Amino acid sequence: MKLYTTQAMAYWTLMGLIPLWQGGSLSMAADSDKNSLGCLDPTKVDYSHDYFPEKAVLEYSDEWTITYNNTYKIICNKPKNVTYLLYQCGTEPPASEEGKHHLTLQVPLQNGVAVTSTTQIPPLEHLGVRRQIKAFISTYDDAVSAISSPCLNYLIDESVTDVVDSANLDTYLAANEGMVVFGGPFTNAALPNYMIISESSEKHPKDIYEWQKLFGALFNLEGLSNKVVAESVKRFDCATADAAAAVKAGSTNRTVAWAYYSDYSSGWSVATCDPTFNYYCTYAQHCNANLLHSNEGSIEQWGTKYMNDAEFVEFAKDADHLLYMSNNWNKTYTERKAVLDQLVSVQNKEVFDYMGSGPNAWFEQRISEYDVVLQDFCDVVDMTSSESKHKRQWFRHVFTEPIGSLGTCSDAQVDEPWKTRASSCLATPTAAPVASATLPPTAAPTSSTNNMAIIPSSLIAMGVAFWSFYL
């Protein structure tokens, strides 16, 4: 059985780390300068030796920590105030830590993982451990249809990855002892087998993506996860510098309306940047765009304000671009053509939605491809240098481009290395957003949950408040 894809294998080979099969498990020499990718020989363990020479280095995230000892490491989820002890397979967990942690796990994980959210899929794919996803936990009817990953869909079709109804989870876990279940920010942290992933507690896209290193620590792949994160940061910073260079070269700052029409709330949801500086505010800032945002609206649903047609036209009429953040553009334009045709962005056909990679991929992949999203945003607002040749992956021109797709996957492709979809960047990644980029002032903040402003109506109807983070 393949446990790791060639993404991980290529990294190990590149770093001079060649795993050896011994007795059915991967075994590494104790004096390696790389983390063990399998179980140690218990008779040869030296408890004074550091078995984790490759350590996760946190530079951005504020909401989790990891500390290392010779044979074990401890992860702390700060929002949930819960800890997890990970001890090197082949060693004994320290007696001094007994009873102090919610989970005590051997690493690399020996029995696979179950995911409860599609956002948990890309971090594992980026590490080349896709086959370690043993189950997808379905929390509502046909939840599996929300999965966009072609290769995970293939593994499900081939019955390699199970689809488990949440009502049957206890029975499934009893039959699959030792499996770790990834929970979300609203999951009860005390549930058996659950490890809570709280990336939504972070603020900046870099902070959020650094949770990638937590996934790496579960498989002793800290070296690879450090590398993957560092490369994404470099691409993000390079796109920022490229936008700054475009301004210096004479590009004009564009104004963007980030909005959609909610059928459920019968109103327009628009961007909010205070009191919470949401992720799209960050993208606008780094691309030197002027993002329209407001906390106002005469329609209120679920503690969130929405604008009526007249209010929205007044708000967005002069924006150069409309980023329409839902999957119902065609329906909305058909029903509200007279309203939308009053917008400069619609008149000039500068309207984009998020379906460049398919109808659901945005929710699954966006936070793990934050660098690609930035490149897309900067391309939309024409804040790229003449040398940059970026092909948008997310933002689809609604008038000329079809709904995209992530493609299909074969058995051979399941184990191919993950490759970024970001474009090569030629700028020097040192420049910050230029001072001329501004966010127009908003009305006084309200007590509403501002993140709810960009939730699709279908999800609001389901009452899934936390989805606001993923849009």
Side-chain angles (χ1 to χ4, degrees), residues 3-4 7-19 26-40 44-78 82-94 96-97 100-110 113 123-124 126-129 132 180 182 195-199 201-202 204 206-234 368 418:
L3 298 179
Y4 301 94
Q7 167 79 10
M9 294 297 291
Y11 168 77
W12 301 331
T13 303
L14 177 65
M15 301 303 292
L17 180 58
I18 308 298
L26 283 168
S27 176
M28 296 303 304
D31 59 354
S32 171
D33 61 351
K34 306 298 176 186
N35 292 355
S36 171
L37 303 178
C39 296
L40 303 176
K44 298 181 180 179
V45 171
D46 176 3
Y47 284 88
S48 66
H49 178 77
D50 181 3
Y51 286 99
F52 305 113
E54 295 179 295
K55 296 173 172 59
V57 180
L58 302 188
E59 301 179 67
Y60 308 103
S61 295
D62 294 321
E63 302 301 334
W64 71 286
T65 63
I66 184 167
T67 56
Y68 287 86
N69 293 273
N70 286 345
T71 60
Y72 65 96
K73 42 196 170 184
I74 297 172
I75 289 174
C76 175
N77 179 314
K78 293 165 71 173
V82 62
T83 58
Y84 311 98
L85 186 143
L86 316 177
Y87 69 97
Q88 173 59 47
C89 182
T91 70
E92 293 293 329
S96 60
E97 297 293 329
K100 294 182 180 180
H101 309 282
H102 176 57
L103 296 179
T104 297
L105 305 167
Q106 294 184 82
V107 290
L109 292 183
Q110 301 295 298
V113 301
L124 297 164
H126 290 193
L127 292 173
V129 293
Q132 287 290 336
V180 175
F182 293 133
M195 174 174 284
I196 306 302
I197 308 300
S198 298
E199 78 272 63
S201 299
E202 305 284 358
H204 194 280
K206 291 179 185 178
D207 309 346
I208 296 165
Y209 186 59
E210 197 165 40
W211 282 72
Q212 176 77 42
K213 296 178 182 179
L214 180 149
F215 291 90
L218 298 176
F219 298 96
N220 284 355
L221 289 173
E222 284 94 335
L224 178 56
S225 62
N226 285 339
K227 179 176 182 286
V228 168
V229 172
E231 290 176 347
S232 73
V233 168
K234 183 177 179 180
S368 288
W418 171 77

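Only this structure's heavy atoms are used, side chains among them; waters, hydrogens and symmetry mates stay out. Remember, it's a predicted structure, so these values are computed and weren't measured experimentally.
Legend: residues meeting side-chain hydrogen bond (donor to acceptor under 3.5 Å, both in side chains) with Ser96, ordered by chain and number and at least two apart, are absent. By the salt bridge (charged side-chain N to carboxylate O under 4.0 Å, His left out) test, Glu231 is found to be paired with Lys227, residues two or more places apart in sequence or in another chain being considered. Qualifying side-chain hydrogen bond (donor to acceptor under 3.5 Å, both in side chains) partners for Ser232, counting only residues two or more places apart in sequence or in other chains: Tyr370. For Lys213, the side-chain hydrogen bond (donor to acceptor under 3.5 Å, both in side chains) partners at least two apart in sequence or on another chain are Glu210. Under the rule for a side-chain hydrogen bond (donor to acceptor under 3.5 Å, both in side chains), the partners of His101 that lie at least two apart in sequence or sit in another chain are Thr83, Glu97.
Taking both residues in full, the closest heavy atoms of Ile196 and Asn77 are given as O-ND2, 3.0 Å, listed atom of the first, atom of the second, then distance. Of all non-hydrogen atoms in Ser36 and Gln88, the two that sit nearest each other are OG-NE2, 3.5 Å. For Cys89 against Gln106, the heavy-atom pair with the smallest separation is SG-OE1, 3.2 Å.
Distance check, rounded to the nearest 0.5 Å: CD of Glu54 to OG of Ser32 gives 7.5 Å. Ile208 CD1 to Glu63 CD: the interatomic distance, rounded to the nearest 0.5 Å, is 11.0 Å. Rounding to the nearest 0.5 Å gives a distance of 4.0 Å between CD of Gln110 and SG of Cys39. Going from atom CZ of Phe219 over to atom CG of Leu127 covers 8.0 Å, rounded to the nearest 0.5 Å. Remark: Thr91 OG1 to Leu40 CG distance equals 7.0 Å, nearest 0.5 Å.
Checked against a 6.0 Å centroid threshold, the rings of Tyr209 and Tyr60 do not count as neighbours.
Under the 30°/60° scheme for interplanar angles, the aromatic rings of Trp64 and Trp211 are found to be tilted.
Here the side chains of Tyr51 and Asp46 are in contact, with some heavy-atom distance below 4.5 Å. When side chains are defined from C-beta on, Leu218 does not count as touching Pro108, because their heavy atoms never get closer than 4.5 Å. Counting heavy atoms from C-beta on, the side chains of Lys78 and Ser198 never come closer than 4.5 Å. By the 4.5 Å heavy-atom criterion applied to side chains, Leu105 and Met195 are counted as neighbours. Looking at Leu124 and Phe182, their side chains come closer than 4.5 Å, going by heavy atoms from C-beta outward.
With a 6.0 Å radius and a threshold of 12 heavy atoms from other residues, nucleotides or ligands, Glu59 has its CD atom above the threshold.
Side chain of Gln132 to main chain of Val113: no donor-acceptor pair is present (N/O by atom type, distance under 3.5 Å, no hydrogens or angles).
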Check residues 65-75 and write down every donor-acceptor pair under 3.5 Å in which the side-chain atom is one partner and the other belongs to a residue at least two apart or another chain.
from, atom 1, to, atom 2, distance (Å)
Tyr68, OH, Ala56, N, 2.8
Tyr68, OH, Glu222, OE2, 2.9
Asn70, ND2, Tyr47, O, 3.1
Asn70, ND2, Ser48, O, 3.3
Lys73, NZ, Ala217, O, 2.9
Lys73, NZ, Asn220, OD1, 2.8
Lys73, NZ, Glu222, OE2, 2.6

